[in-house]
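Everything numeric in this text was worked out from a predicted model, so none of it was measured. Counting convention: from 1, in listed order, for ligands and their atoms alike.
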Amino acid sequence: MNQVSSFTHRFIPGTAPRAPLLLLHGTGGGENDLLPLGGALAPGRALLSPRGQVLENGMPRFFRRLSEGVFDAVDVVKRAHDLADFVKAARAEYGLGSAVAMGFSNGANIAAALLLLRPEALAGAVLIRAMVPLADPPKSDLGGKPVLILSGSADPIVPIENARRLADMLRIANATVRHETLPAGHGMTQGDLAIAGQWLQQEF
Ligand code: MLT
């Protein structure tokens, strides 16, 4: 199968010569979810937005989980490689430069897995409410790529200690990590959007 059609996705061509955004939705979302957000945060950039291929009670996700916060490690690895291959095929098909991921929740977790397993797939990432996707990732070198992690101090799903562990993991892999904790729960807030928009503008 042509890998660009391996994922149901939306592609919005860019009008500005800036890094494209790879938009990765949360559990139960889809390829249309984050398009308005991507367009508002980063006007004029190309947007590539795939739908996760795993269904949990009918809700799309990017990898399987055994329970809330407990991930199927074999599936995380397989799905991260499938997504990285899709991103590569989409870049060739649409003539795109290296993309910056913007992921929320499950989408942030698969973006973190991409960074750790296939660092060449991304130029950097915004990870909103992310947690450690793999307990024991292989050594990787992100070569200083910028990563913004936005956590919520009252997130009932992602303990702050877990998000800090992810930040450390990415720093050890040589990413340039900025980790901010907002007075928020698991949901995205205006505060997240303000910081993410400014960071994207500055870094990419
Ligand atoms: C979710 O509900 O998507 C979780 O918070 C994150 C995940 O399962 O990857």
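Under a 4.0 Å criterion applied to the non-hydrogen atoms of F63, ligand 1 contributes the atoms 9 (O). Near H186, with a cut-off below 4.0 Å to any heavy atom, the atoms of ligand 1 are 5 (O). For ligand 1, the atoms lying closer than 4.0 Å to a non-hydrogen atom of S105 are 1 (C), 2 (O), 3 (O), 4 (C), 5 (O), 6 (C).
A side-chain N or O of R61 and one of T27 form a donor-acceptor pair less than 3.5 Å apart.
Proximity of the aromatic rings of H186 and F104 is defined here by a centroid distance below 6.0 angstrom, and this criterion is met.
Other residues, nucleotides and ligands place more than 12 heavy atoms under 6.0 Å from the CD atom of E161.
Nearest non-hydrogen protein atom to atom 2 (O) of ligand 1 is R65 NH1, 3.3 Å.
Residue-level proximity to ligand 1 for R61 is carried by the side chain, the only part with a heavy atom below 4.0 angstrom.
Compare N109, T27, I157, V158 by their heavy atoms: the one nearest to atom 5 (O) of ligand 1 is in I157.
A donor-acceptor distance shorter than 3.5 angstrom exists from the side chain of H9 to the backbone of F7, with no hydrogens or angles considered.
Between K78 and D75 there is no salt bridge, since no side-chain N of the basic residue sits under 4.0 Å from a carboxylate O of the acidic one.
Proximity of F62 to ligand 1 is not established, as no heavy-atom distance is less than 4.0 Å. Using a 4.0 Å heavy-atom cutoff, M131 is absent from the residues neighbouring ligand 1.
Sorted by first and then second residue, the salt bridge (Lys or Arg N to Asp or Glu O under 4.0 Å) pairs with a member in residues 17-36 read E31-R51; sequence neighbours excluded.
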